K.L.:
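Sharing a structure below in structure tokens format, with a few things to ask.
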Protein chains: 2
Amino acid sequence: MTPKLTNDSLEPSGVTTGSPGPTEPIEVKFDAAPGEQKPTDRISIRDVAKEAGVSVATVSMVLNENPRISRATHIRVQRVIDNMGYRPNRLAQSLSSRFTQVLAVMLPPLRHAFADAYFGEILSGISDRAGKLGHKLLIEQAKPQYIKEGKHIELYERRFVDGVLCVGFNEKHTFLTDLRQYPMILVDNRFGDGMLDYVHCDYRLGAKQAMNCLLQLGHRNIGMIYAAPESPTARDVLEVYSTELRNAGINPKESWLADGCFTDEGGAAAAHLLTTRDKDITALLCGNDKMALGAIRYLVEHGHKVPQDISVVGFDDIQHLAYANPSLTTVHLPLYELGVAACERLVSRIRGKVDRISDVLPTHLVLRESTSIVRTR
Amino acid sequence: MTPKLTNDSLEPSGVTTGSPGPTEPIEVKFDAAPGEQKPTDRISIRDVAKEAGVSVATVSMVLNENPRISRATHIRVQRVIDNMGYRPNRLAQSLSSRFTQVLAVMLPPLRHAFADAYFGEILSGISDRAGKLGHKLLIEQAKPQYIKEGKHIELYERRFVDGVLCVGFNEKHTFLTDLRQYPMILVDNRFGDGMLDYVHCDYRLGAKQAMNCLLQLGHRNIGMIYAAPESPTARDVLEVYSTELRNAGINPKESWLADGCFTDEGGAAAAHLLTTRDKDITALLCGNDKMALGAIRYLVEHGHKVPQDISVVGFDDIQHLAYANPSLTTVHLPLYELGVAACERLVSRIRGKVDRISDVLPTHLVLRESTSIVRTR
DNA sequence: CTGAAAGCGCTTACAG
DNA sequence: CTGAAAGCGCTTACAG
């Protein structure tokens, strides 16, 4: 835990002065630093104005590509800007303007939120699009203490960000309604009585695609490993699951349902529960890939062949799971595109271009090895 | 791909005005919003000063807990601050002061950088500590275009951040030397001729622990799946691997080495190469857990029992891999603690308290099921 | 111990 | 089309 200080061989000229306690911050100068940036004080807009022989207002307008500036002036000033290597101080820009050009991604307080394939894929889309739109991204985790201290509100009130993307929350996270008066968007869920913007995957469509696949393969006794029934999109899947069974003339049993908590271990436990409670189950629909993998692991380790004895379908289409054995048939969620869309729409909202966001992105089924025609007794 | 706009049943009072193209930004007002925050203009330090009957300088000093303010005044002003719900505008604070109180985490341009267990664990530590130190975290990905445009330098020059934590880079990423004059720290690597601060895990110790384990179990023909030999810490492992073999009187063969690219598939391919090239190999040391898992997958699928035929040791101790079958013996890297330490040290550096950072954190071996005593012919 | 004033580096009406 | 000036909301010497 405690950092062990070492001066290993890479250290060239033992520049280790003992830290003399709190002192004045010191500008550390490196002796041998060829090609160093101009060590002069930072260039301000005033310096550029002087050099270009115009007012600071003009430089500002060139910077912001204000069309009121003549083409000739624009080019001339821009050249000076480039030559001087001037970079506007964005604190001053944001203080003067309405915008910070920063967004926050709010993650739930899960231990491994940053190492999660689902969040990661969404974050990837958000990050790429934010970059293209000229926005920076702050990452925040909604820990209890954080919420208690009102840090989520400070994000706006203290002008850290223009908007927040909320990933991985459901209606139980009531603190999110604190943000309803600010630009924010729920990513891959919906709730809040129409007061909160959202973008999510079409879980109903996905569930339909998965059930359609299993029913076509002749399965009738289909179990379901769900999770987080407090989440509207999770309920979508449950509902479609029941509806599709009924449409096929099958009466869904209570004993076909088990909660897998969205985790690998939960999926394994649920598979155990379902298969011991009801020996007739020939297929499992799982609310996400992690639970599907856990279920497969359990099944294989306990003498059920997948897919010969039991077919398994997941949800998410997490990367690197195609390599699992058997590889997983799953509903592909367009998570990257979801991140892109959420970011895009949130920025539009910030710029005042839309009132209310409620987008739904289509899914598709990826057929791999974990499903097959129903076993014959 | 294209967002399909839907107005589903959650939408209450069809507030869907067609977006009329670019217009003036509009403050969207919600009709029914009980318990809404005071819709008055944001409170500034001046308002607080007036209300408390002191100068803005005094309020500022109370805010910053300047000891020059008397206890009585402090308490009185603080009460006014609390009552009014005043939150200082941090853009103004940062513009006036030397600091932004923001750090950036720089990630390499890998497709799944945000969904990576290794990065995620480090990020978790960084994030937690940054929060405690009152710093926000920006996430940046060093894509080629990003570097070309000098965005990494802008991070400082435009005053986005006070410092940058660089995770997952090696000496081939030469753009990092552009940052040597600013507060930055390499996380889990070291390079740059002693000009760059760093904190990394003790890969030499880890390699020693792994080799010690395998040698004690009687293994002599030990293969190694390495990756990124351009990385000094990766070379540490390779060196110790050779040294330990020699110390045990074994002459390491060239054919015992294969590059696994740090990926699952790479690990599988490397295992294939090694086991077909040299049938005598009884153990594999892998540069990370992903490659170890790939190797195990390959071995199991091709008739080698793990650990009975071949023992496998990984590096990282990624979460949820304890559930693999067989579970993985691996060198635990204190990645969370590494993130914490890096963040802590970087902030000290920013505050001018240290000159040069070069910390190394100890590892330990976690013995699980993928290793056993050497097979007898 | 506290206040008045300058300044951080921009943008935005307002003139012309 | 461009400039002078006010202002964004803080902090920091400088006085007293």
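In what follows, every chain begins at residue 1, and chains take the letters A, B, ... in the order their sequences are listed. Computed from a prediction, not measured in an experiment: that's the story for all the values here.
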K.L.:
Rounding to an integer number of Å, can you tell me how far F160(A) CZ sits from dC10(D) C1'?
P.N.:
14 Å
K.L.:
Any chance the side chains of S127(B) and S124(B) put a donor and an acceptor closer than 3.5 Å?
P.N.:
no
K.L.:
Quick one about N89(B) and Q93(B) (side-chain donor to acceptor, distance below 3.5 Å, no hydrogens or angles considered), yes or no?
P.N.:
no
K.L.:
Give me the residues of residues 60-79 of chain A where at least one heavy atom lies under 4.0 Å from an atom of DNA chain D, by number, or none.
P.N.:
R68(A), I69(A), S70(A), T73(A)
K.L.:
Reading DNA chain D 5' to 3', how would its secondary structure be written in dot-bracket notation, given Watson-Crick and G-U pairs with both distances under 3.5 Å, brackets [ ] for crossing pairs and | for partners on other strands?
P.N.:
|||.||||||||.|||
K.L.:
Just the rounded figure in Å: distance from C1' of dC8(D) to CG of L95(A).
P.N.:
4 Å
K.L.:
Side chains of T177(B) and T174(B): do they bring a donor and an acceptor to under 3.5 Å?
P.N.:
no
K.L.:
Pick the nucleotide of DNA chain C nearest each of G53(B) and P88(A); which residue has the one closer to the 5' end?
P.N.:
G53(B)
K.L.:
It should be established whether S55(B) places a side-chain nitrogen or oxygen under 4.0 Å from OP1 or OP2 of nucleotide dG3(C).
P.N.:
yes
K.L.:
Between D162(A) (side chain) and Q101(A) (backbone), is there a donor-acceptor pair under 3.5 Å?
P.N.:
yes
K.L.:
Using only side-chain N and O atoms of T58(B), determine if any of them is under 4.0 Å from OP1 or OP2 of dG3(C).
P.N.:
yes
K.L.:
Whole angstroms only, please: what is the CD-C1' distance between Q101(B) and dT11(D)?
P.N.:
13 Å
K.L.:
Judged by modelled atom types alone, do D128(B) and Y336(B) share a side-chain donor-acceptor pair under 3.5 Å?
P.N.:
yes
K.L.:
Taking atom C1' of dG9(C) as reference, at what distance in whole Å does atom CZ of R46(A) sit?
P.N.:
7 Å
K.L.:
Once ring-ring contact (aromatic ring centres under 6.0 Å, His included) is applied, do any residues pair with H152(A), and if so which ones, sequence neighbours excluded?
P.N.:
F175(A)
K.L.:
So, D197(B) and R345(B), do they make that salt bridge, N to O below 4.0 Å?
P.N.:
no
K.L.:
Hey, which of these two, V56(A) or L91(B), hits DNA chain D nearer its 5' end, going by closest nucleotide?
P.N.:
V56(A)
K.L.:
Check for a donor-acceptor pair, side chain of N64(A) on one end and backbone N or O of M61(A) on the other, with a separation under 3.5 Å.
P.N.:
no
K.L.:
Of the candidate nucleotides dC10(D), dT12(D), dG9(C), which contains the atom at the shortest distance from the side chain of N89(A)?
P.N.:
dG9(C)
K.L.:
Separation of R158(A) atom CZ from dC8(D) atom P, in whole Å?
P.N.:
19 Å
K.L.:
Take the protein atom CZ of R98(B) and the nucleotide atom C1' of dC10(D), then report the distance between them rounded to whole Å.
P.N.:
17 Å
K.L.:
In terms of side-chain heavy atoms, does Y182(A) have a donor or acceptor partner in E157(A) at a distance below 3.5 Å?
P.N.:
yes
K.L.:
Could you tell me the separation between the CG atom of D47(A) and the P atom of dC8(C), rounded to a whole number of Å?
P.N.:
11 Å
K.L.:
For R90(B) and dG9(C), what is the distance between atoms CZ and P respectively, to the nearest whole Å?
P.N.:
16 Å
